[in-house]
**Student:** 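Mind having a look at this structure? Questions to follow.
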Amino acid sequence: MGAKGRSAVVLLSGGLDSATALAIADHQGYQCHTLSFRYGQRHKIELEAAKKIAQSYHVKKRLVMDLDLDLIGGSALTDRIPVPKGQPLEIIGAHIPVTYVPARNTIFLSIALAWAESLGSTDIFIGVNALDYSGYPDCRPEYIQAFESMAALGTKTGTEDHRPVKIHTPLIEMTKAEIIRTGTDLGVDYSLTHSCYDPMPSGLACGECESCRLRQRGFERAGVPDPTRYAARTSP
């Protein structure tokens with residue numbers, strides 16, 4: 001709890017992982033600034049979730065930035081590529097899926113780094129996870145370590161002030177169930193969060209994409225009721 005009063009930038013997508021990361025930063029005493037992106041994602045409903053989550057924590061400042069990553073495409077989340085549905089849970093994460101958005105976390109963390117530097121902060125929180133996840137390469141510990149090394153070389157904070165930037169990844173070695181239990185203990189209202197990659201026009205989660213499937217299994221294994229309203233559920 002030694003971070004009381006220190007500023008931190010928290011990447012907040014609106015999903016359960018980023019909400020839990022925010023709860024942890026808040027619990028540790030950081031003065032939280034949340035950063036979300038409208039990047040051309042098909043599940044832009046997540047931004048409404050991010051807004052509600054940020055409001056529930058009374059964050060210092062909430063910033064939403066526009067990035068037209070749909071102009072680049074190359075992902076089922078930003079292009080006219082179907083989102084895979086109903087995949088067996090055991091194959092999720094075995095390969096980098098079509099829902100991977102090219103260099104997304106590098107882009108997001110770079111902007112978070114710029115904002116943190118302008119705030120005089122050396123702390124950035126991101127809810128990446130390398131266990132119950134979709135297999136994205138920019139969610140792994142070695143990637144985070146490399147980004148910290150880059151930040152030390154490419155910022156005034158690192159080169160002149162000699163203050164190392166810390167990318168906090170409190171969830172990186174947790175299962176989805178452990179994340180949910182941690183958040184539940186911290187009072188996270190998971191009914192505010194949104195995980196689905198391909199929601200219905202009504203806002204219902206599809207229940208069949210990899211993100212919905214991992215969320216469902218996480219709540220089941222955590223023994224915590226899943227507050228999500230699904231259009232369908234795929235049996236494990």
**Student:** What heavy-atom pair brings Ala76 and Val83 nearest, and what distance separates the two atoms?
**Tutor:** O-CG2, 3.9 Å
**Student:** How close do Val188 and Thr20 get, heavy atom to heavy atom, and via which atoms?
**Tutor:** CG2-CA, 4.4 Å
**Student:** Would a 4.5 Å heavy-atom cut-off, applied to side chains only, mark Thr169 and Pro141 as touching?
**Tutor:** no
**Student:** Roughly how far apart are Tyr57 OH and Cys32 SG, rounded to 0.5 Å?
**Tutor:** 9.5 Å
**Student:** Test Arg215 against Thr228 for side-chain hydrogen bond (donor to acceptor under 3.5 Å, both in side chains), laying out the working first.
**Tutor:** CA-CA 9 Å; Arg215 182 183 177 109; Thr228 310; 2.7 Å; yes
**Student:** Give the ring-plane orientation class for Tyr39 versus His43, where under 30° counts as parallel, over 60° as perpendicular and anything between as tilted.
**Tutor:** perpendicular
**Student:** Say you draw a straight line from CZ of Arg42 to NZ of Lys44; how long is it, rounded to the nearest 0.5 Å?
**Tutor:** 10.0 Å
**Student:** How far does CZ of Arg140 sit from CG of Asp138, to the nearest 0.5 angstrom?
**Tutor:** 8.5 Å
**Student:** Check Pro82 against Val98 and note the closest heavy-atom contact, atom names and distance.
**Tutor:** O-CG2, 4.1 Å
**Student:** Compare all side-chain heavy atoms of Thr175 with those of Arg221 and state whether any distance is below 4.5 angstrom.
**Tutor:** no
**Student:** Are the side chain of Gln216 and the backbone N or O of Gly207 linked by a donor-acceptor pair below 3.5 Å?
**Tutor:** yes
**Student:** Among all residues two or more places apart in sequence or in another chain, which pass the salt bridge (charged side-chain N to carboxylate O under 4.0 Å, His left out) test with Asp79?
**Tutor:** none
**Student:** Are the side chain of Ser36 and the backbone of Leu47 linked by a donor-acceptor contact shorter than 3.5 Å?
**Tutor:** no
**Student:** Hey, does the side chain of Arg163 reach the backbone of Gly120 with a donor-acceptor pair shorter than 3.5 angstrom?
**Tutor:** yes
**Student:** Does any non-hydrogen side-chain atom of Leu77 lie less than 4.5 Å from one of Arg104?
**Tutor:** yes
**Student:** Using only atom types and a distance under 3.5 Å, with no angle test, would you say the side chain of Glu148 pairs donor to acceptor with the backbone of Ile167?
**Tutor:** yes
**Student:** Any idea which heavy atoms bring Gly183 and Tyr190 closest together, and the distance?
**Tutor:** CA-OH, 3.2 Å
**Student:** Out of curiosity, Ser191 OG to Leu16 CG, how far, rounded to the nearest 0.5 Å?
**Tutor:** 12.0 Å
**Student:** Please report the closest heavy-atom contact between Ser110 and Phe147, naming both atoms and the distance.
**Tutor:** N-CZ, 3.6 Å
**Student:** In the single-linkage hydrophobic clustering (I, L, V, M, F, W, Y; side-chain heavy atoms under 4.5 Å), do Leu109 and Leu12 co-cluster?
**Tutor:** no
**Student:** Okay, side chain of His194, backbone of Cys196: is any donor-acceptor separation there less than 3.5 Å?
**Tutor:** yes
**Student:** What I'd like to find out is whether the side chain of Asp161 reaches to under 4.5 Å of the side chain of Lys156, using heavy atoms alone.
**Tutor:** yes
**Student:** Can you name the closest pair of heavy atoms from Pro102 and Ile107 and give their distance?
**Tutor:** O-CD1, 4.2 Å
**Student:** Answer yes or no: does atom CD of Glu173 have more than 12 heavy-atom neighbours from other residues, nucleotides or ligands under 6.0 Å?
**Tutor:** no
**Student:** At what distance, to the nearest 0.5 angstrom, does CZ of Phe125 lie from NZ of Lys166?
**Tutor:** 9.5 Å
**Student:** For Lys176 and Arg217: C-alpha separation, side-chain torsions, deciding distance, then whether side chain to side chain contact (heavy atoms under 4.5 Å, CB included) applies.
**Tutor:** CA-CA 8 Å; Lys176 195 68 74 176; Arg217 185 175 68 175; over 6 Å; no
**Student:** Honestly curious: do Leu186 and Met174 fall in one hydrophobic cluster under the side-chain, below-4.5 Å linking rule?
**Tutor:** yes
**Student:** Rounded to the nearest 0.5 Å, what's the gap from CD on Gln41 to OG on Ser13? Could you check?
**Tutor:** 9.5 Å
**Student:** Determine yes or no for a side-chain-to-main-chain donor-acceptor pair under 3.5 angstrom, with Tyr143 supplying the side chain and Thr106 the backbone.
**Tutor:** yes
**Student:** Using a 3.5 Å distance criterion without hydrogens, assess whether the side chain of Glu210 forms a donor-acceptor pair with backbone atoms of Gln87.
**Tutor:** no
**Student:** Following the transitive rule for hydrophobic clusters with a side-chain heavy-atom cut-off under 4.5 Å over Ile, Leu, Val, Met, Phe, Trp and Tyr, establish whether Leu22 and Leu35 coincide in one cluster.
**Tutor:** no
**Student:** Is any side-chain heavy atom of Val101 closer than 4.5 Å to a side-chain heavy atom of Tyr136?
**Tutor:** no
**Student:** If the plane angle is over 60° it's perpendicular, under 30° parallel, otherwise tilted; pick one for Phe108 and Phe37.
**Tutor:** parallel
**Student:** Tell me, do Ser18 and Val10 make a side-chain contact under 4.5 Å, heavy atoms counted?
**Tutor:** no
**Student:** Using modelled atom types and a 3.5 Å cut-off, is there a donor and acceptor pairing between side-chain atoms of Thr193 and backbone atoms of Asp189?
**Tutor:** no
**Student:** Evaluate the criterion side chain to side chain contact (heavy atoms under 4.5 Å, CB included) for residue pair Cys206 and Met200; output intermediate values, then yes/no.
**Tutor:** CA-CA 6 Å; Cys206 76; Met200 303 294 105; 3.8 Å; yes
**Student:** Among the clusters formed by ILVMFWY side chains lying less than 4.5 Å apart, do Ile24 and Ile124 turn up in the same one?
**Tutor:** no
**Student:** Would you say Ile179 ends up clustered with Leu11 if hydrophobic residues are merged whenever their side chains have heavy atoms under 4.5 Å apart, either directly or through other cluster members?
**Tutor:** no
**Student:** Can you find a pair of side-chain heavy atoms, one from Phe219 and one from Pro227, that are under 4.5 Å apart?
**Tutor:** yes
**Student:** How far apart are the C-alpha atoms of Met150 and Leu113, what are their side-chain angles, what is the distance that settles it, and do they pass the side chain to side chain contact (heavy atoms under 4.5 Å, CB included) test?
**Tutor:** CA-CA 11 Å; Met150 180 280 296; Leu113 176 63; 4.3 Å; yes
**Student:** Which donor-acceptor pairs under 3.5 Å do side chains of residues 59-72 form with protein atoms, sequence neighbours excluded?
**Tutor:**
from, atom 1, to, atom 2, distance (Å)
Asp66, OD1, Arg38, NH1, 2.7

